[in-house]
K.L.:
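The structure is given below, and queries will be raised subsequently.
Every chain is numbered from 1 and lettered A, B, ... according to where its sequence line falls, protein lines coming before strand lines. Predicted, not measured: the structure shown is a model, and the values here were computed from it.
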2 protein chains.
Amino acid sequence: MGSPGSSTGRDDRVLIVTSPPSRRRRATVHDVATEAGVSRGTVGRVINGDGYVSASAREAIEAAIKKVGYVPNTAARTLVMQRSQAVGFIVHEPHSLFLEDPNIGEILLGANTALSASDYQMVCLIVDSDRDTERVARYLSGGFVDGVIIVSARQDDPITRVVERLSLPAAFVGHPPDLGTAAFVGIDNRGSARTITTRLLETGRTRVGMIAAALDRDSGADRLAGFTEALGARFDPTLVEPVPLYSYRAGLEGMRALLAREPLVDGVFAASDAVAAGALEALREAGRSVPEDVGVVGFDDSAWATRCQPPLSTVHQPAAGLGQRAAESVLRQVDGAEPEVDQIVLETPIVWRGSA
Amino acid sequence: MGSPGSSTGRDDRVLIVTSPPSRRRRATVHDVATEAGVSRGTVGRVINGDGYVSASAREAIEAAIKKVGYVPNTAARTLVMQRSQAVGFIVHEPHSLFLEDPNIGEILLGANTALSASDYQMVCLIVDSDRDTERVARYLSGGFVDGVIIVSARQDDPITRVVERLSLPAAFVGHPPDLGTAAFVGIDNRGSARTITTRLLETGRTRVGMIAAALDRDSGADRLAGFTEALGARFDPTLVEPVPLYSYRAGLEGMRALLAREPLVDGVFAASDAVAAGALEALREAGRSVPEDVGVVGFDDSAWATRCQPPLSTVHQPAAGLGQRAAESVLRQVDGAEPEVDQIVLETPIVWRGSA
DNA sequence: TTGTACGCGTTATCAC
DNA sequence: GTGATAACGCGTACAA
């Protein structure tokens, strides 16, 4: 092993014992090079697949890599390349929504598929407290990701501001950010709500209400707006029951309240499938049969839709597609494209089942 | 500005235009130093809060940081510190499970809370294809994370092997790895299943069956083993209906099959709440009332349990606690502790509601 | 074809 | 108190 101090400064570290007891030191390109009896440059050429290496050298190096168990250090590579080959996926939701919202999981998987195809690593970051907000902002600033996909951004969100300041390639899913120049992929909540409400009216209902969830978010407000438009002159505000969340429980309680106030209601647009499922339960309690006495429609076409009794008529939300398109937009921007062209609105076909 | 080539090599980069059109160059410590008219060393001292800086220098530097919009480059910091202040959370599930399993979300949130409290960034990595497996393995090797929490590892999983080879601090949640030395946090599936089955028997049922899901995973197999133990001599294999997944649909179809084969069944242990919810639907179809004709118990105490009609008697699974304990174990190991002491089994209280 | 040397942005250790 | 300067591990022009 050579006497201490005789070799270059670089090798001194072998003698330094770090505080965690005996965590094995990582092999470096340097180690591979000495093991194979070549220089670091040649090793680099083999690793990156750039030609101009003799067969003998390549062989020796590949053997050495296996022997010392070399794995490239991504942090170093990121530093020198100014590229991490990673894209962040930021989820900023209160607990309940993260757990209940079936769309987020699908958006996540859709984005991952697209990124994976381009050999990018998706790193999902959860923002669940103020402390998280700050830390995630630091993380993004740190150059660990080449871009971000943001689900449900807040107005004037610190994270959005950081992204803007770094001019980090970004795509917003579902809820548009306040900056008009950013890429956005989503659906037409208002138009879809209008369409399915119209469809519900066409089944001959005369007293159609809505359980309107999450009016503080644009998706919630837009769905109510579409509902209002569809009814036109027939719109009656007393038939709208606002509830806080897109949840089963909100639907259950909302429907109970609506029934108590308006017993004659014969049609309901629930702001999401989970809400609709809760509404069905309330109707069952009240002895109303669906769709005979009351027609019910939902929104999302999530797993709820098919497991309800009767299965829900609803608006199909292309969640996986949203994630995929967002990922593709980010990758385009990483390659130098301008974001403003990416204002994508995906189709939302109506799926008609038995509940109306 | 200055004439080209006249300054040090370091400043040449200003002249180099990278291919992405006009992405703003990041400010560095160097920039801050020149702006404030001090050296890099002093700037470093201010950033890291180490004392020994004059008030005037500190003021000038803080102003400069604001002015040039400096944010530390985490990749560089990781490289020199050999620490990323990040912990990976690896989810390795087929689509359906990731979307349906209510526990994963809670485990995730629990882990994030614990990591966040120690100012660690949690990065969630999804493994959804062979390609993902390889890329995630590379990512872990790259030094981007100081440790990992692994949910549902496979036997002989490439990721597990990489973790082992790097001796990366790790904690396995739910499904124990094949290596006995690793940290593990989970529940006693077999004991819990035995307890709740016994409890169901005590309500006076005489023909008790089980819808046994996911027998290819140890959780599924263990729950069946517990059920078998509880019945002892009364165990009758024809009352066990195996189904592939912990899903609503599996429960629905499993219960139909069980009823067709054994119409006299008066008690059912469903391997999860989702399965139990499906079973309730099948019983309703068949005109059996719960709990009068048939007692039903589940497992997980997830959102399903309270939204069923009647609400489920079930085994409470402390999902958030699992995530939290796993995170704490990883953090301890990052600080140099040995993993083997962390073989944690959390309590699973029985929650008795109306379904049995 | 291969080796050398420099720089990526930090932190940390020295002399001054 | 403060300013040089050596690492960290890797990519890559450039020289040999």
K.L.:
Which one of A:Arg325, A:Arg332, A:Gln333 satisfies the side chain to side chain donor-acceptor pair (under 3.5 Å) criterion with A:Ser329?
P.N.:
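The passing option is A:Gln333.
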K.L.:
Please state whether the phosphate of D:dA7, meaning OP1 or OP2, lies under 4.0 angstrom from any side-chain nitrogen or oxygen of B:Gln82.
P.N.:
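For D:dA7, OP1/OP2 do not have a side-chain N/O of B:Gln82 under 4.0 Å.
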K.L.:
Quick one: label B:Val46 by what it contacts on the DNA or RNA (base, sugar-phosphate, nothing), any heavy atom closer than 4.0 Å.
P.N.:
nothing
K.L.:
Please report, rounded to the nearest Å, how far the C1' atom of C:dG9 is from the CG atom of A:Leu166.
P.N.:
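Whole-Å distance recorded here is 15 Å.
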K.L.:
Closest-nucleotide mapping onto DNA chain D: is B:Gly41 or A:Gly44 further toward the 5' terminus? I mean the 5' end.
P.N.:
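The answer here is B:Gly41.
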K.L.:
Looking at B:Arg45 and D:dG3, is any side-chain donor or acceptor paired with a base atom of the opposite kind under 3.5 Å?
P.N.:
yes
K.L.:
Rounded to the Å, how far apart are B:Arg77 CZ and C:dC8 P?
P.N.:
19 Å
K.L.:
If you find the nucleotide of DNA chain D closest to B:Leu79 and the one closest to B:Ser39, which residue's nucleotide is nearer the 5' end?
P.N.:
B:Ser39
K.L.:
Side-chain N or O of A:Thr42 less than 4.0 angstrom from OP1 or OP2 on C:dG3?
P.N.:
yes
K.L.:
Which listed nucleotide (D:dC10, D:dA4, D:dC8) is nearest to the side chain of B:Val80?
P.N.:
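Closest nucleotide to the B:Val80 side chain: D:dC8.
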K.L.:
Give the rounded distance in Å between these two atoms: CD1 of B:Ile47 and P of C:dG9.
P.N.:
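The distance from CD1 of B:Ile47 to P of C:dG9 comes to 14 Å, rounded to the nearest Å.
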K.L.:
Taking the six-membered ring for Trp, are B:Phe144 and B:Tyr139 closer than 6.0 Å centroid to centroid?
P.N.:
yes
K.L.:
With respect to the side chain of A:Met81, which nucleotide from D:dT12, D:dG9, C:dA12 is positioned closest?
P.N.:
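Of all the options, the side chain of A:Met81 is nearest to D:dT12.
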K.L.:
Which whole-number value in Å describes the distance from A:Asn73 CG to C:dC8 P?
P.N.:
18 Å
K.L.:
Is it true that atom CG of B:Asp130 has more than 12 heavy atoms of other residues, nucleotides or ligands lying nearer than 6.0 Å?
P.N.:
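Open: at most 12 neighbouring heavy atoms sit under 6.0 Å from CG of B:Asp130.
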K.L.:
What's the closest nucleotide to the A:Arg40 side chain, out of C:dC6, D:dT5, D:dC8?
P.N.:
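Shortest atom-to-atom distance from the side chain points to C:dC6.
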K.L.:
Using a 4.0 Å heavy-atom cut-off, does B:Ala75 contact any base of the nucleic acid, only the sugar-phosphate backbone, or nothing at all?
P.N.:
nothing
